[in-house]
Amino acid sequence: MSSSESSRYSPAEVEARWQAEWDKRGSFVAREDDTKPKYYVLEMFPYPSGRIHMGHVRNYTLGDVVARYKRAKGFNVLHPMGWDAFGLPAENAAIERGVHPAKWTHENIAAMRTQLKSMGLSYDWAREVATCDPSYYRHEQKMFLEFLKAGLAYRKESWVNWDPAENTVLANEQVVDGKGWRSGVPVEKRLLNQWNLKITHYAEELLSALGKLERWPDKVRLMQENWIGRSEGLRLRFPIVGRNGETVEVYTTRPDTLYGASFVAVSIDHPLAAEAAKTDATLVEFIADCRHTGTSEAAIETAEKKGYATGLTVTNPMVDGQVLPIYVANFVLMEYGTGAIFGCPAHDQRDLDFARKYKLPVKPVVLPPGGDPATFAVGDTAYTDDGTAYNSGPLDGLDVTRAKAKAIDMMEAKGTGKRAVTWRLRDWGVSRQRYWGCPIPIIHCGSCGVVPVPEKDLPVTLPEDVTFDAPGNPLERHPTWKNVSCPTCGKPARRETDTFDTFFESSWYFARFASPNTQDRGFTREAAKRWLPVDQYIGGVEHAVLHLLYSRFFTRALRDCGYLDIDEPFAGLLTQGMVCHETYKNADKAWISPDDLTRKEGGGWIETKTGGPVVVGRSEKMSKSKKNVVDPAHIIATYGADTARLFMLSDSPPERDLDWTEAGIDGAFRYLNRLWRMVGAAADTLPPSGAPIPNKLAPIVDDLRRRAHRTIADVTGDLDRFHFNRAVARIRELTNAIAELVGDEEGALWVLREALEIAVRLVGPMMPHLAEELWHTLGHKTLLAGAAWPVADPALVAQDNVTVAVQINGKLAGTLELAKDIDAKAAENAALAMPAVQSKLAGKTPKKVVVVPNRIVNVVA
RNA sequence: GCCCCAGUGGCGGAAUGGUAGACGCGGCAGACUCAAAAUCUGUUGCCUGCAAGGGCGUGCUGGUUCGAGUCCGGCCUGGGGCACCA
């Protein structure tokens with residue numbers, strides 16, 4: 001090899017070569033080998049949009065480091081990849097470009113598969129699945145029928161979120177700030193017949209099991225806890241005056257404030273409101289008016305609290321003889337609690353606003369600590385904190401907690417109320433009025449009603465001859481597809497034309513991967529038992545309550561239907577941060593791409609095209625709209641996958657946002673080349689391993705070996721805790737130490753081999769192609785991808801001496817080299833003997849000396 | 001409004017209550033070169049001093065401690081989640 005050739009590393013050639021080699025040897029095929037402990041690492045599978053983006057690169061790099069590391073540590077690793085292939089972009093492509101969603105999706109999958117393969121990710125591609133494949137979705141049709149039998153799926157007419165841009169229903173989880181999570185268009189309320197999954201059946205379990213998910217981020221657990229939203233309180237019936245036995249049932253978490261009640265309010269959707277409206281035209285108008293108000297954050301924020309007095313009254317079951325008016329109010333939600341509340345203005349801000357507006361009494365019944373019962377009054381701010389009940393008959397003198405308990409006991413004893421737990425979580429509406437999704441296996445018959453498609457007729461596949469030239473669901477207007485005969489009575493019937501929410505597919509794919517693709521069988525219970533739960537799941541935090549909650553629910557539903565034997569799908573969860581990039585605007589305040597910039601002399605940027613000024617904005621998540629996207633394909637083509645991978649790992653901890661910078665990628669590339677040159681230069685001159693070491697070199701050898709083994713210990717610990725950025729730093733330190741010795745003539749030769757090999761092996765999970773290449777440069781004939789993780793020699797990791805800091809009154813005065821585990825008195829004496837300490841003490845006797853073994857001596861003067 | 005998280009050099013970030021700033025980026029100086037690129041070496045928290053050294057430093061402010069970036073209280077700023085949830 002000539003020197004000009006050897007001074008340049010060619011990522012494209014080297015990476016392709018090793019990818020082919022791994023592929024040929026089946027290095028990453030998951031085996032049903034029970035002699036090793038299993039480890040299932042999974043990254044959230046992508047939607048096949050057509051090209052990978054930097055978020056994918058980060059996600060899959062993190063997963064691949066874990067997979068390769070665990071493989072080397074002796075685990076039997078399952079690391080699969082697939083495609084979340086149903087969804088709206090495919091249909092939009094069909095509408096805009098006339099390409100069939102299936103064709104568009106499959107082409108995208110092919111393109112993205114090639115891109116992922118160019119990253120050198122250690123997937124078992126034999127287990128690849130695409131959720132739009134009937135061999136995949138037939139199983140979820142079966143699951144749905146099982147859910148139906150088990151009472152976990154039901155059809156119900158209800159007010160749902162309608163996205164007018166996408167012409168479909170959305171689940172509550174898919175509405176963000178009152179807007180569709182993808183379209184960004186305000187959702188409307190529509191009354192529709194929808195299929196629902198009974199996630200609320202598992203509300204208690206989904207909440208309590210969060211405590212057991214020790215390897216999940218607290219943040220995600222907290223978000224799920226808030227989303228599930230458990231509250232304890234009282235359901236209480238208020239008898240309606242003049243209507244024998246009729247009552248309004250309310251839900252409250254503050255039964256201790258019943259003596260301060262001044263009104264009852266019901267939702268505009270409450271049956272009582274509907275009934276009252278029959279004879280009251282003004283109320284009809286009021287209700288219609290309320291429906292107009294949007295559900296967006298801004299609309300709710302500015303919407304007035306409005307009420308309409310029905311003229312009806314109730315008696316307060318807690319307070320003898322008290323009569324309260326019933327209002328219909330725009331702020332009471334039919335979907336939460338009972339759709340009716342009682343208002344205690346003194347101790348609830350919203351009730352207070354309402355009471356002031358409609359001139360209702362405000363009577364305080366909870367006295368703040370130290371408050372004077374004779375003078376305490378509520379002004380514009382309700383008192384919602386703890387205190388002592390007063391003006392409350394039998395509750396007087398009790399604190400809030402005790403008063404609540406007593407009030408509930410009293411109402412239960414009276415038979416008019418019941419202790420109750422209420423959840424914020426609603427059932428999951430899964431019907432979507434779209435084509436590119438899994439058909440819901442149901443037939444509607446005029447005589448038999450809702451009839452499940454018999455199992456022998458599964459899968460119900462999508463028709464291919466559909467048109468997208470009109471708005472609405474193509475399945476609905478297909479000439480023949482929906483016409484079938486009823487499986488029960490044989491009469492003409494109609495197929496369900498809704499499809500499942502695409503979160504349905506991603507709620508069980510992790511289980512699908514447990515079985516090989518060799519047959520069309522979904523997954524077997526045995527295979528699931530072998531591999532599940534996923535040991536480490538990695539993906540974006542944006543799914544904290546969507547996908548992650550649905551999957552936890554699905555796992556329980558599948559467990560109860562006999563598919564699985566576990567409760568939780570993901571034992572460990574790592575939520576990665578976003579990949580960000582600086583943003584730029586030109587003189588017209590339009591976003592411009594970093595590709596359209598030219599560096600100005602003396603710093604700063606100008607717009608290449610116009611030469612105009614550029615304003616640099618803050619770093620934000622890469623997005624097309626802000627034009628701050630960097631295409632991974634260009635980076636990989638220019639620098640290679642290893643450089644991109646190293647950069648993804650080295651600058652930020654995985655859970656934090658990562659700033660993409662040109663300088664950072666250059667730095668990663670520089671390091672890759674440095675390591676490559678270092679090993680290349682050494683390889684020819686290295687003595688054979690095991691050759692005897694000349695005595696005069698022994699101290700150098702000893703020192704570097706200690707550093708190398710220390711690095712093994714540190715990097716191993718860092719990888720175990722996903723501290724990838726620190727692991728990279730430790731490896732760089734080792735290579736720096738090696739580099740210092742390279743100049744040190746013969747010394748280098750004898751110490752290099754072991755240290756270099758260690759560096760190469762440690763960097764293997766991060767830069768697998770380079771490491772494999774260097775492993776072979778160092779003379780190995782086997783693959784590094786199949787090699788065991790290095791083990792630190794405890795004798796070399798142990799230290800004889802330690803550096804101890806010496807402080808005077810907590811301020812650093814100097815350091816001491818002391819034998820490890822030296823006794824405290826000796827350490828104290830050594831510290832007191834230091835000139836710096838002596839001069840500071842100026843002859844005085846220290847008041848106290850604190851000795852922390854092997855760490856610090858603090859002299860208190 | 002409620003809940004949560006984070007504030008450390010010019011920048012990304014390191015630091016089981018024990019030497020703040022590892023590692024990298026950027027900067028500066030130098031070597032190599034006709035020159036540049038690449039590479040290598042040194043240096044780089046701030047102030048002060050010729051120097052040895054000294055002083056100040058982890059958003060602000062109190063506290064606990066021999067010792068606080070780290071623990072506790074209050075505040076400020078930024079980010080995230082939830083939001084008529086009774």
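Fair warning: this is a prediction, and the values are worked out from it, not measured in the lab. Chain naming here is simple, since letters A, B, ... match the order of the sequence lines and numbering starts at 1 in each.
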Trainee: How is V250(A) classified with respect to the nucleic acid when contacts are heavy atoms under 4.0 Å: base, sugar-phosphate, or nothing?
Mentor: nothing

Trainee: Name the closest nucleotide to the F331(A) side chain, picking from C82(B), C84(B), G12(B).
Mentor: C84(B)

Trainee: Determine the contact category for R350(A): base if any of its heavy atoms lies under 4.0 Å from a base atom, sugar-phosphate if only primed atoms, P, OP1 or OP2 are that close, otherwise nothing.
Mentor: base

Trainee: Using heavy-atom distances to pick each residue's nearest nucleotide on RNA chain B, tell me which of R732(A) and G337(A) is more 5'.
Mentor: R732(A)

Trainee: Heavy atoms under 4.0 Å, any strand shown: does K811(A) hit a base, just sugar-phosphate, or nothing?
Mentor: sugar-phosphate

Trainee: Between F331(A) and F354(A), is there a side-chain heavy-atom distance shorter than 4.5 Å?
Mentor: yes

Trainee: Please find the pair of heavy atoms, one from M318(A) and one from Y259(A), that lie closest to each other, and give the distance.
Mentor: O-OH, 3.5 Å

Trainee: Looking at R230(A), does any N or O in its side chain come under 4.0 Å of the phosphate oxygens OP1/OP2 on C85(B)?
Mentor: no

Trainee: Closest approach to the side chain of P653(A), judged atom by atom: which nucleotide of C23(B), A83(B), A14(B) is it?
Mentor: A14(B)

Trainee: Taking syn as a glycosidic torsion within 90° of 0 and anything else as anti, which one is G73(B)?
Mentor: anti

Trainee: Would you mind telling me which of A86(B), G12(B), G13(B) lies closest to the side-chain atoms of S231(A)?
Mentor: A86(B)

Trainee: Using whole Å, report how far CG of D218(A) lies from P of C4(B).
Mentor: 12 Å

Trainee: Do the side chain of R706(A) and the main chain of A798(A) share a donor and acceptor less than 3.5 angstrom apart?
Mentor: yes

Trainee: Looking at A14(B), I'd like to know if its phosphate oxygens (OP1 or OP2) sit under 4.0 Å from a side-chain N or O belonging to N725(A).
Mentor: yes

Trainee: In whole Å, I'd like the distance from the CE atom of M334(A) to the P atom of A86(B).
Mentor: 16 Å

Trainee: Expressed as a whole number of angstroms, how long is the span from L222(A):CG to G80(B):P?
Mentor: 16 Å

Trainee: In this structure, how many angstroms lie between the P atom of G80(B) and the CD atom of E225(A), rounded?
Mentor: 22 Å

Trainee: Report each atom pair, protein N/O against N/O of nucleotides 17-21 of chain B, whose distance is under 3.5 angstrom.
Mentor:
| unit_1 | atom_1 | unit_2 | atom_2 | d |
| --- | --- | --- | --- | --- |
| G18(B) | N2 | Q807(A) | OE1 | 3.4 |

Trainee: How far, in whole Å, is C75(B) from G69(B) if one measures between their P atoms?
Mentor: 22 Å

Trainee: Given U65(B), is OP1 or OP2 found less than 4.0 Å from the side-chain N or O atoms of K848(A)?
Mentor: no

Trainee: Give the intermediate values and the outcome of side-chain hydrogen bond (donor to acceptor under 3.5 Å, both in side chains) for residues Y9(A) and T643(A).
Mentor: CA-CA 12 Å; Y9(A) 175 74; T643(A) 298; over 6 Å; no

Trainee: Check whether any side-chain N or O of N628(A) sits under 3.5 Å from a backbone N or O of S623(A) as a donor-acceptor pair, and report yes or no.
Mentor: yes

Trainee: If the P atom of G73(B) is compared with that of C5(B), how far apart are they to the nearest Å?
Mentor: 12 Å

Trainee: Write down the distance between CD1 (I808(A)) and C1' (G55(B)), rounded to a whole number of angstrom.
Mentor: 16 Å

Trainee: W216(A) has an atom CH2; how far is it from atom P of C4(B), in whole Å?
Mentor: 20 Å

Trainee: Could you encode protein contacts along nucleotides 38-46 of chain B as a string, one character per nucleotide from 5' to 3', using B for base contact, S for sugar-phosphate-only contact and - for no contact, with a heavy-atom cut-off of under 4.0 Å?
Mentor: -SS------

Trainee: Would you kindly compare Y251(A) and K219(A) by the position of their nearest RNA chain B nucleotide and give the one closer to the 5′ end?
Mentor: K219(A)

Trainee: Between K626(A) (side chain) and E620(A) (backbone), is there a donor-acceptor pair under 3.5 Å?
Mentor: no

Trainee: With N854(A) as reference, evaluate T803(A), D821(A), N801(A) under the side chain to side chain donor-acceptor pair (under 3.5 Å) test and give the passing residue.
Mentor: D821(A)

Trainee: Pick the C1' atom in A14(B) and in U8(B), then give their distance to the nearest Å.
Mentor: 10 Å

Trainee: Going by an N to O cut-off under 4.0 Å, is there a salt bridge joining R710(A) and D714(A)?
Mentor: yes

Trainee: For Y671(A) and T735(A), run side-chain hydrogen bond (donor to acceptor under 3.5 Å, both in side chains): C-alpha distance rounded to whole Å, both residues' side-chain angles, the deciding distance at 0.1 Å, then the answer.
Mentor: CA-CA 10 Å; Y671(A) 177 71; T735(A) 32; 3.0 Å; yes

Trainee: Can you check the distance between U48(B) and G59(B), where both ends of the measurement are the C1' atom (answer in whole Å)?
Mentor: 26 Å

Trainee: May I ask you to say what R235(A) touches in the nucleic acid, namely base, sugar-phosphate or nothing, with a heavy-atom cut-off under 4.0 Å?
Mentor: nothing

Trainee: Once you apply a heavy-atom cut-off of 4.0 Å, does N736(A) come out as touching a base, just sugar-phosphate, or nothing?
Mentor: sugar-phosphate

Trainee: Take the protein atom CD of E655(A) and the nucleotide atom C1' of A6(B), then report the distance between them rounded to whole Å.
Mentor: 12 Å

Trainee: Taking the same atom, P, in G42(B) and in C23(B), what whole-Å distance lies between them?
Mentor: 12 Å

Trainee: Answer yes or no: side-chain N or O of R656(A) and base N or O of C5(B) forming a donor-acceptor pair under 3.5 Å.
Mentor: no

Trainee: Can you tell me, in whole Å, how much space there is between the C1' of G12(B) and that of C47(B)?
Mentor: 26 Å

Trainee: Does the structure show a Watson-Crick or G-U wobble partner for C56(B), both distances under 3.5 Å? Name it, or say none.
Mentor: G45(B)

Trainee: Taking H581(A) for the side chain and V630(A) for the main chain, is one N or O donor matched with an acceptor at less than 3.5 Å?
Mentor: no

Trainee: Taking atom P in both A36(B) and C32(B), what distance in whole Å separates the two?
Mentor: 12 Å

Trainee: Looking at the side chain of R730(A), which of C3(B), A22(B), G12(B) is the nearest nucleotide?
Mentor: A22(B)

Trainee: Provide the distance between the two C1' atoms, one in G13(B) and one in A86(B), to the nearest whole Å.
Mentor: 46 Å

Trainee: Whole-Å distance between C4(B) P and N226(A) CG?
Mentor: 9 Å

Trainee: Is the shortest side-chain N/O distance from Y336(A) to OP1 or OP2 of A86(B) below 4.0 Å?
Mentor: yes

Trainee: From C-beta outward on I341(A), which listed nucleotide comes closest to its side chain: A86(B), G24(B), C85(B)?
Mentor: A86(B)

Trainee: Once you apply the 3.5 Å cut-off to both distances, tell me the Watson-Crick or G-U wobble partner of G7(B), or none.
Mentor: C76(B)

Trainee: Got P255(A) and L236(A) here, is their nearest side-chain heavy-atom distance under 4.5 Å?
Mentor: no

